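Remember, it's a predicted structure, so these values are computed and weren't measured experimentally.
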Amino acid sequence: MVDERRAAYLRAYELFEDVQSEQQAAAVAALPDALKVAATQGWREVEFVLAAAGAVHALVGGDGHIGAAVEVQGLVTRAEDLDAPALLAVALGLRAVAAASVGDTAGLMSDASRAVALLDDESQPPLDRSTGYVVTAAAFNTLRLWELVDELYTLAGDVEQDCPVPVQAAAIAVNRVLTRVEWALALLENGDEKQAQLRMTQALEAVPAAVAQRLPPLWRRDVEALSAVAELLRDASAPVVPQTIAQHRQALVDDKDIEVLPLLDAATALAFWRAGQADEAAAAVDRLTATSSVSSGARSFPAWVRARVLAGQEPSAAVRAQQDHADLLSRLRWESREAVLAAARTHIAAERRQGEHDRLSRAVNTDPLTGLHNRRVFDSWLDRRAPGRARPTALLLVDLDDFKTVNDTFGHDYGDEVLRRFGRLLLTSIRPGDLAVRHGGDEFALLLEDDRLTVAAAQHRASDLRDAIVGEPWSQLAPGLDVTASIGMAVAVPTLDAALVDAAGLYRAADTALYTAKRDGSGLAVHVLQGDEVDRTTGRHQGD
């Protein structure tokens, strides 16, 4: 079951990428069945990634701004329910991209900055973090913040090396080329030829890493066209090869590209103009159209090239005055962009400070040996008094059998390592929203609260945990070492009008079940409390 879940998780990320490539139609068609399976199995993180793929399709597939906004808001809610920081960062990054499409810069800055801070959490799954960086970079790219975008792709690439499969490697490599080309074009527009050449060179240096990936054909054609753009404009004396440019252009036209085609046409026109080929430059200008891409950071470059070409090599005094005015506007736009960049960095720094404060708070509630929550967190749940809606709840109390013998036979260092390994085992068995606790010593607790939790599902989770404990290769730690555990589980299925599950009663029921599991040697005992059934362990009704 664990392997199936992992495979479904990785497949969900493949669909996340495919909805942005030529495989879009097949990927979108596969989403409903995949979502149905994930929902049936209770694989909530898989459901999230699949829903995120649907949101990406809504953003880039032309489903409309309103539909996309609704989908990404639903993602944020899902991620908050999962208590998964990196997945929340993905949701916030997508919401920031949606904000860009309607000109909501304040919303974009807030969501994207918070996403970056959330992604600092190294305990989160690397694939979720890598995806979060990529999505957040796309959001900041709409504000033309290329310095920040390039840094985020570097972070994404660093994290991607720890991913189980390189799902994001292609997107990172391709977007790095695109970002640097767009950055260079903006520098040209601002009159900074030297820095523009440097960024073009850096873009070309990133091309080999991109083409070495297993790229979707559309992405590969984008990289090849971007490489041509960089070659055209890195050196003002570089010759224009019309046949090569025409091949790249036709491929982009066939792909209905809206991201790279305007850049290629504008770069071609500028290269012809620089070479004194006025007729060819004018013909290239006639093909220029404004991009409708949400994420493109070089929307003004084609218009800037058009103005240069149409003015001719020897403009009149009036035209030159217009050019000077346009150059002034370009500089003002650049200065405004730099102010936005500074504001973005300030936002991110503030979110990181808040994130660090939150992490320190979590450290107070974390067991340092196992990384699980500590008794303080469990007691907070046990003593909760705030009103709220009751949810189906299962509490598993887990006790390592004869743990004193492990310490006496192998030593306390090995005993600590057993506890650490058991903690990791618990962490790998939980789902977002579960609570895993080191209750004290060799005692642990696993709390499951889920609207869709059933008695059968809870029993299945307990059996899976027992199987995982038995299947752990403990003898690899020390020859002859064997570790078993007893599990007592109580499951509460509340009535519709229940305010809260009686935490103390559930704990007593689980403790009694644990005693039974140890006494009869079964290793697992289950006590089920349904509705207002009398709690047989205490002789009172739940909620009294």
Side-chain angles (χ1 to χ4, degrees), residues 10-28 30 49 52-53 55-62 90 93-94 97 127 130-139 141-142 146 149-150 152-154 156-157 160 163 165-185 200 202-231 244-245 247-265 267 291-298:
L10 297 178
R11 173 58 179 156
Y13 267 116
E14 289 177 1
L15 292 173
F16 184 94
E17 290 302 296
D18 286 347
V19 297
Q20 305 170 67
S21 71
E22 293 100 332
Q23 304 300 318
Q24 180 187 91
V28 171
V49 178
V56 169
H57 173 63
L59 286 169
V60 304
V90 172
L94 289 172
V97 173
L127 189 48
S130 179
T131 302
Y133 281 126
V134 170
V135 172
T136 306
N141 192 61
T142 66
W146 299 291
V149 171
D150 201 50
L152 292 174
Y153 283 131
T154 296
E160 188 271 333
C163 292
V165 292
V167 174
Q168 290 298 331
I172 294 166
V174 172
N175 285 322
R176 173 159 282 172
V177 177
L178 176 60
T179 297
R180 291 175 177 178
V181 168
E182 290 182 341
W183 191 357
L185 298 182
M200 289 295 183
Q202 291 178 336
L204 289 169
E205 289 172 349
V207 167
V211 297
Q213 301 293 330
R214 296 180 58 184
L215 300 178
L218 185 151
W219 292 12
R220 185 170 296 277
R221 289 190 287 272
D222 276 350
V223 171
E224 291 169 349
L226 289 166
S227 179
V229 169
E231 290 285 8
T244 301
I245 298 300
Q247 289 173 348
H248 288 309
R249 188 178 193 282
Q250 188 58 53
L252 296 175
V253 170
D254 292 343
D255 291 334
K256 296 182 174 57
D257 179 271
I258 61 173
E259 191 99 40
V260 179
L261 181 59
L263 304 185
L264 179 64
D265 283 343
T291 179
S292 60
S293 168
V294 170
S295 62
S296 176

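Judged purely by distance below 3.5 Å, without hydrogens or angles, the side chains of Asp150 and Gln202 never pair a donor atom with an acceptor atom.
In terms of heavy-atom proximity, Thr136 sits nearest to Gly93 at OG1-CA, 4.2 Å. Minimum interatomic distance between Val134 and Asn175 (heavy atoms only, all atoms of both residues): CG1-ND2, 4.3 Å. Here the closest heavy-atom approach between residue Val19 and residue Ala53 is recorded as CG2-O, 3.7 Å. The minimum heavy-atom distance linking Asp257 with Pro262 is given by the pair OD1-CD, 4.5 Å. Residues Tyr153 and Ala137 come closest through the heavy atom pair CZ-CB, 3.7 Å. Of all non-hydrogen atoms in Val97 and Val135, the two that sit nearest each other are CG2-O, 4.0 Å.
At a threshold of 4.0 Å, the pair Arg221-Glu224 does not count as salt-bridged, since none of the basic side-chain nitrogens sits closer than that to a carboxylate oxygen.
Taking 4.5 Å as the limit, every side-chain heavy atom of Val49 sits out of range of all side-chain heavy atoms of Val90.
Distance check: Leu261 CG to Asp255 CG gives 10.0 Å after rounding to the nearest 0.5 Å. Asp254 CG to Arg249 CZ: the interatomic distance, rounded to the nearest 0.5 Å, is 10.5 Å. The CD atom of Gln23 sits 10.5 Å away from the CG atom of Leu15 when rounded to the nearest 0.5 Å. Note that CD of Gln24 and CG of Leu218 are 10.0 Å apart. Values are rounded to the nearest 0.5 Å.
With hydrogens and angles disregarded, a donor-acceptor distance shorter than 3.5 Å links the side chain of Thr131 to the backbone of Leu127. The closest donor-acceptor contact from the side chain of Ser21 to the backbone of Asp18 lies under 3.5 Å. Arg220 places a side-chain N or O within donor-acceptor distance of the main-chain N or O of Gln213, the cut-off being under 3.5 Å. With hydrogens and angles disregarded, no donor-acceptor distance shorter than 3.5 Å links the side chain of Thr179 to the backbone of Arg176.
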Side chain to side chain contact (heavy atoms under 4.5 Å, CB included) between Glu17 and Gln168: does it pass, once the steps are laid out?
CA-CA 8 Å; Glu17 290 302 296; Gln168 290 298 331; 3.1 Å; yes
Start with the C-alpha distance between Ser130 and Val167, add both sets of side-chain angles, then the distance that settles side chain to side chain contact (heavy atoms under 4.5 Å, CB included), and finish with yes or no.
CA-CA 9 Å; Ser130 179; Val167 174; over 6 Å; no
Given the rule in the side chain to side chain contact (heavy atoms under 4.5 Å, CB included) test, do Leu252 and Glu259 qualify, once you have shown the distances and angles that lead to the verdict?
CA-CA 9 Å; Leu252 296 175; Glu259 191 99 40; over 6 Å; no
Side chain to side chain contact (heavy atoms under 4.5 Å, CB included) evaluation trace for Trp219 with Gln20:
CA-CA 9 Å; Trp219 292 12; Gln20 305 170 67; 4.2 Å; yes
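A side chain to side chain contact (heavy atoms under 4.5 Å, CB included) with Asp222 is found for exactly one of Val260, Leu215, Val177, namely Val260.
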